[in-house]
Amino acid sequence: MRVALELEVPSEVAQIERVVARVVATCADLQVPERQRQFNVPLALTEALSNAILYGNAERADRHVTVRAGMADHALVLEVADEGPGFDLDACTRDPTAPENLEREDGRGLFLMRRLMDRVERYNAAGNVVRMVLELP
Amino acid sequence: MSFTIAKSGDVTVVEVEGQLIVGNRQELKQRVLEELDHGERHFLIDFSRTGYIDSSGLGVLVSLSKKIRELGGELRLANLNDDLRTLFELTKLDTLFQIADSRERALESF
């Protein structure tokens, strides 16, 4: 990946809007189309950052989240790394749109990441780096 | 995110400005629950000035809607832009909420 932006931020949800704004600005430089820049990227990235801060790092002040944005083979690549124990993305398969889950308050984050990006994958063996790929026209 | 609360007849109208996301959704939840405690039962959330809503924000809307319904009231939504409509369709929450094109239409149908 050709990295265009790398940020390391404290594990605080209050940081999310600022980080998303920086990445969206970078996406404009990378010629990411407006719809993806204004909808897919901010939402998928917010979900990945929430997971990293709340679950990966358990909001611990001594842990950080690292975000990298760049291009690889005509695709936008976003990586979010935390300092937690990692988790198995493939094990999270609950469908929040199923009638029995529709009124649940939780369980839509990973689903949205998968629907808004072309690929969402665990990038390292530990499972604490999530890589999201969005193919560009 | 900031929000304003106003009354239109017996409907409490909440206007959300900015993003409704994990860092701020509890403020909205708390404020609507306070109105519910004060006896209000009809709620309309106007998203005309909202950027995007994440899964936590959606979760708060689902939870508020359930709570309001349990107490005999109703929560409706209005003025979703194309992206927000897509979001509600993707998550099938468009089947859970009454969504109006405008604040006026939403208010008429209460």
Side-chain angles (χ1 to χ4, degrees), chain A residues 9-21 23-24 27 33-57 59 65 80 92 94-117 120, chain B residues 1-3 16-30 32-33 45 47-71 73-75 77 80-99:
Chain A
V9 293
S11 285
E12 299 164 5
V13 290
Q15 298 286 334
I16 291 177
E17 280 196 71
R18 187 179 65 83
V19 173
V20 168
V23 172
V24 167
C27 287
E34 189 178 357
R35 179 92 202 271
Q36 280 78 14
R37 208 169 67 223
Q38 298 301 333
F39 179 56
N40 302 59
V41 168
L43 194 42
L45 183 58
T46 297
E47 300 298 346
L49 288 166
S50 296
N51 287 342
I53 292 168
L54 296 176
Y55 304 115
N57 284 349
E59 288 191 276
V65 173
V80 177
C92 305
R94 193 176 66 204
D95 178 5
T97 68
E100 67 273 20
N101 294 329
L102 209 53
E103 291 205 89
R104 286 183 67 111
E105 190 168 347
D106 61 351
R108 295 182 181 85
L110 194 52
F111 168 84
L112 285 174
M113 287 161 62
R114 287 176 169 141
R115 295 302 298 267
L116 296 170
M117 305 299 277
V120 177
Chain B
M1 190 266 302
S2 64
F3 54 88
V16 177
E17 182 172 353
Q19 331 300 350
L20 176 58
I21 60 173
V22 60
N24 58 36
R25 93 279 198 197
Q26 287 300 346
E27 288 172 53
L28 177 71
K29 184 174 185 177
Q30 194 52 45
V32 171
L33 289 178
I45 303 186
F47 290 108
S48 55
R49 300 170 74 189
T50 308
Y52 65 94
I53 303 174
D54 73 357
S55 63
S56 302
L58 291 174
V60 158
L61 297 176
V62 168
S63 137
L64 284 174
S65 169
K66 207 167 157 183
K67 179 88 180 162
I68 291 167
R69 245 186 0 257
E70 283 167 5
L71 294 172
E74 192 179 355
L75 168 65
L77 313 179
L80 277 68
N81 64 27
D82 290 347
D83 291 342
L84 292 180
R85 281 229 172 242
T86 301
L87 177 64
F88 276 76
E89 285 164 13
L90 276 178
T91 52
K92 293 198 178 162
L93 291 179
D94 58 331
T95 63
L96 201 66
F97 290 96
Q98 274 219 37
I99 301 173

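In the text below, chain A, chain B and the rest are named by the order of the sequence lines, each starting its count at 1.
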Give, for atom NZ of B/K92 and atom CG of A/N101, the distance between the pair rounded to the nearest 0.5 Å. 11.5 Å
What part of A/L54 gets closer than 4.5 Å to chain B, counting heavy atoms only: side chain, backbone, both or neither? side chain
Intermediate values then yes/no, side chain to side chain contact (heavy atoms under 4.5 Å, CB included), B/Q19 and A/I16: CA-CA 11 Å; B/Q19 331 300 350; A/I16 291 177; over 6 Å; no
Is A/R104 close to chain B through its backbone or its side chain, or both, or neither, when contacts mean heavy atoms under 4.5 Å? backbone
Between atom OG1 of B/T91 and atom CZ of A/R115, what is the distance when rounded to the nearest 0.5 Å? 9.5 Å
Test salt bridge (charged side-chain N to carboxylate O under 4.0 Å, His left out) applied to A/E105 and B/K29, B/K66, B/R25, B/K67, the passing residue: B/K29
If we check side-chain contact (heavy atoms from CB on, under 4.5 Å) with B/D54, which of these qualifies: A/L43, A/L49, A/L112? A/L43
Interatomic distance, CG@B/L87 vs CZ@A/F39, rounded to 0.5 Å, equals 5.0 Å
What part of B/L90 lies closer than 4.5 angstrom to a heavy atom of chain A: side chain, backbone, both or neither? both
Among B/L93, B/L96, B/T95, B/D82, residue most engaged with chain A (heavy-atom pairs, under 4.5 Å): B/L93
Name the region of A/T46, side chain, backbone, both or neither, that has any atom closer than 4.5 Å to a heavy atom of chain B. side chain
A/R35 CZ to B/T86 OG1 distance, which is reported to the nearest 0.5 Å: 4.0 Å
Given that the side chain runs from C-beta out, which part of B/S65 has a heavy atom under 4.5 Å from chain A: side chain, backbone, both or neither? neither
From A/R108 CZ over to B/S56 OG, what is the distance, rounded to the nearest 0.5 angstrom? 10.5 Å
Taking every heavy-atom pair that is under 4.5 Å apart, which of A/P96, A/P42, A/S50, A/A14 has the most such pairs with chain B? A/P42
Whatever's closer than 4.5 Å to a heavy atom in chain B on A/E103 counts as both
